[in-house]
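Here is the naming used below: chain letters follow the sequence lines, and residue numbers restart at 1 for every chain.
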Amino acid sequence: MMSKPTNLPNIYVLPTRLNDSQRADIVSNIRSKHYTVVESPKDAIIFIGDVLGSKRALLELRFLGLNTTDATTIKAPAKGTKILKVAKLEWYAKVIVEGIDADIDDYIIYNGIYPAKSPFNNQPSNTVTPKKRSASPPTLAEKQAEERSRSESILRRAMAATHQAAPGTRHLRHKGPSQDSHPSQPFKRPKLISQQSTDSQEEAERVASNLPPLPQWVIKKQKFSCTRSTPADPPNQDFLDALFKIRLNRILISDEIGVRAYSTSIASIAAFPHKITHISQIHALPGCEGKIAALWYEFTHSEPPGRLGVLEEIEKSVYYKTLELFYNIWGAGAHSAQSFYKQGFRDLDDLVEHHWKKLTRVQQIGVKFYDEFQDKIPRDEVISIRDAIQNHARQLLPGAETAVVGGFRRGKELSADVDLLITHPRVSKSRDVEELLVPLVNLLEKEGLITHVLTIHQPSRFVATTSGDVWPKRSHHNFDGIPKVLCVWQQPDLREDEEGDSQMESLDEKGLAGKRKNPNPHRRVDILFPPPRCAGSTLTSWSGATTFERDLRKYVKEGKYWKFSSEGVTDRASGLRVPVGKEKGEFIGLTEGDENNGVEVDDNVDNRARREDGEWIGWDVEEKKMFKLLELEWREPTERCTG
DNA sequence: CGGCAATACG
DNA sequence: CGTA
DNA sequence: GCCG
């Protein structure tokens, strides 16, 4: 009605929850009252928006490139410090629309100031509660459990029911860094130590003559990592670790080709049996050229040795640290990590508090068990999980056989998850094996062993038809995926149920009288159900490592023009399945028409040959048949550690 | 300078 | 398309 | 980033 009551600084209207025309209306209405509304957030002091809380306001400003901290958390802001104010949209409704004369200060929900500049403000502000440690060095399990316990109870309370839990509290461990250093352009690489170009020819030859002889695969420049031995403990582990970090960086920025390139180089160096002492050895390796050579030179000639300019840039970057944090959420990949960052989120708390409803169901589970899923699983626990699943499977399908694949099969002491194959030696059990999936999952859920099902992949041919039977149309080459379930596993709490005892050590969840929380960690478990025909191909496909698998498929494509997958082998030209031959005395991995020729197995007499860890030896036989078909020399899984 | 493993679900 |  |  009248002129403005006070002069206000420049105003910016936050776009939060407004569409373009709504926001434009607000802007013009405010301007009609002779306030100054700017279109660049940098020029504004007051921000008006549909914002509920101060934390959200902070995020909204960060999204606009204004990296402030809450002024109320700062002891004594220096005089003359610029304070950005965020006001509720209600101010607009009252003062602008209704014309009520009200003080904008009554509508401020957030005061933001720019944090003091510091040369170290790139580092994570890791001010979490200090660890309480016993005098003796903790075991791995203790460390993992202790790491977990600090954050767990709080998150758990926040998300007690995973499926539609309302988040409410903060996550302690993963407070993000306080300072934003998102690079708007890629880092400039610091000057590399220049290579000596003045080496005389004689000098180069003298050095070369003292080097160990090159392996045949190097001399022949054999590029496929599936054709050579790659042990778990390579002599150049330190340089490889640096390359792994660069590759992770490429993963995080979705540079898939860069990932492929570094993977090739890593696999090559990992297979090289000598400590690399001369740059000529790098150039000799397939998949390694100028770039890798330059990195190696810098790595070995830096002071102290082992430093890399690119890595130091990456490691001090809040941006990459944050992407890595988000990328480690099961169910989130590089794209989601980048998306979370762009929206202003910097730690798991931000996601829980401001983005929970937007997360997929499996991402919510991934956040809920973030710490436990980072923890590695010792071999003996892998075996006990295998045994439990196998025992239940045999209740439903006598004679079922299992194999642990993944890193475990490659010999790793600690596994990220458990990958388990279940099949049956008798070829005629093909459908029984695939149809085992749902009943087994139901049984394990009932027993409380499976706590969450993340995803189930069932072959389409088992979609029930009204007439009853399965095998709809594509039965002749039924070549869908291998049925599998990805789930969360927890060993039951086996402690005695003594009551009112002093043993209730961890009463962190007070109020839950009587209910003691199961202290066993949640584990990621994948169970696959290959039909007997696909036992060999699935075993090979799931034994890895990743680069070994990629090279195997490329090798088969280039050498045979075949397509290899966990379901088997097809000819690319004809599209027909390439059958796995039947060896004498063996009985699975047959072709379609041979199903009736399977050797009978007495399910009650289990005298089949087994390995030390209890696994059926027949698995290896199936895999050897597959390698033979592909004209590939079979290698121990422990020699497939291509990284 | 094009190509880089292959498959299925949400 | 993104993720495994 | 390396290969054909």
Side-chain angles (χ1 to χ4, degrees), chain A residues 189 221-226 243 246-247 249-252 254-269 282-296 310 326-340 358-366 373 406 416-417 419 437 453-463 474 479-487 524-530 534 537-538 540-542 544-570 572 630 642:
Chain A
R189 185 167 63 257
K221 290 267 177 187
Q222 286 179 351
K223 55 181 183 170
F224 298 111
S225 61
C226 56
L243 296 180
I246 298 177
R247 181 177 66 174
N249 172 257
R250 302 309 178 95
I251 291 171
L252 294 175
S254 303
D255 174 14
E256 283 142 41
I257 300 312
V259 172
R260 201 0 173 153
Y262 276 96
S263 295
T264 306
S265 312
I266 285 168
S268 203
I269 294 169
I282 298 273
H283 286 288
L285 292 173
C288 296
E289 258 306 323
K291 179 67 184 207
I292 304 300
L295 288 171
W296 179 85
V310 268
F326 292 151
Y327 177 75
N328 284 332
I329 299 170
W330 199 92
H335 183 96
S336 292
Q338 294 159 34
S339 165
F340 296 155
K358 291 263 180 71
L359 298 179
T360 67
R361 189 185 69 95
V362 298
Q363 286 171 340
Q364 290 177 347
I365 295 171
F373 288 174
D417 61 5
D419 301 313
L437 191 158
V453 172
L454 296 166
T455 58
I456 286 191
H457 300 210
Q458 279 180 290
S460 56
R461 61 183 177 278
F462 288 119
V463 172
R474 307 169 56 189
F479 219 49
D480 297 323
I482 299 297
K484 62 170 176 274
V485 57
L486 313 186
C487 62
R524 279 274 308 105
V525 173
D526 299 343
I527 313 175
L528 288 96
F529 301 79
C534 300
S537 55
T538 305
T540 302
S541 285
W542 280 75
T546 304
T547 308
F548 184 95
E549 296 296 332
R550 286 178 158 179
D551 285 346
L552 171 64
R553 285 155 174 75
K554 204 161 190 282
Y555 171 86
V556 170
K557 180 182 185 171
E558 293 186 14
K560 300 276 193 183
Y561 202 57
W562 287 347
K563 194 200 309 251
F564 176 83
S565 80
S566 55
E567 294 89 56
V569 183
T570 43
R572 289 175 183 270
L630 303 177
T642 56

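Across the protein-nucleic acid pair, A/I456 atom CD1 and B/dT7 atom P stand 22 Å apart, rounded to whole Å. Put simply, CG on A/L359 is 12 Å from P on C/dT3, counting in whole angstrom units. One atom, OH of A/Y327, and another, P of C/dT3, lie 9 Å apart when rounded to the nearest Å. Following rounding to the nearest Å, A/Q458 (CD) and B/dG10 (P) show an atom-to-atom distance of 10 Å.
For the side-chain contact (heavy atoms from CB on, under 4.5 Å) test, residues two or more places apart in sequence or in another chain that qualify with A/V362 are A/W330, A/T360, A/L454. The side-chain contact (heavy atoms from CB on, under 4.5 Å) check on A/D551 picks up A/F224, A/S225, A/C226, A/R260, A/T547, with sequence neighbours excluded. Residues passing the salt bridge (charged side-chain N to carboxylate O under 4.0 Å, His left out) test with A/E558, sequence neighbours excluded: A/K223, A/K554. Not counting sequence neighbours, the partners of A/R250 by the salt bridge (charged side-chain N to carboxylate O under 4.0 Å, His left out) test are A/D255. Partners of A/S336 by side-chain contact (heavy atoms from CB on, under 4.5 Å), not counting sequence neighbours, listed by chain and number: A/A332, A/F340, A/Q363.
Residue A/H335 places at least one side-chain N or O under 4.0 Å from the OP1 or OP2 atom of C/dG2. Regarding contacts with the backbone of C/dT3, a side-chain N or O of A/S336 is found under 4.0 angstrom from either OP1 or OP2.
Across all strands shown, A/G287 has heavy atoms under 4.0 Å from sugar-phosphate atoms exclusively, and none from any base. No engagement by A/E549 is indicated, since no non-hydrogen atom pair under 4.0 Å with the nucleic acid exists. Counting any heavy atom pair closer than 4.0 Å across all strands shown, A/L454 reaches no nucleic acid atom. Within 4.0 Å (heavy atoms only), A/K484 reaches no atom of the nucleic acid at all.
Going from the P atom of B/dT7 to that of D/dG1 covers 29 Å, rounded to whole Å. As rounded to the nearest Å, C/dT3 and B/dA5 have C1' atoms that lie 16 Å from one another.
At a cut-off of 3.5 Å, with distance as the only test, no side-chain donor of A/T455 or A/R361 sits close to an acceptor on the other residue.
Considering only side-chain atoms of A/E567, the nucleotide from D/dG1, B/dT7, C/dA4 that sits closest is B/dT7. Considering only side-chain atoms of A/I292, the nucleotide from C/dA4, D/dG1, B/dA5 that sits closest is D/dG1.
Nearer the 5' end of DNA chain B, as judged by each residue's closest nucleotide, is the contact made by A/T546, out of A/T546 and A/T455.
By the neighbour-count criterion of 12 heavy atoms within 6.0 Å, atom NZ of A/K358 is sparsely surrounded, having that number or fewer from other residues, nucleotides or ligands.
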Polar-atom pairs under 3.5 Å, protein N or O versus N or O of nucleotides 1-4 of chain B: list them with distances, or write none.
unit_1 : atom_1 : unit_2 : atom_2 : d
B/dC4  : OP1    : A/K557 : NZ     : 3.2

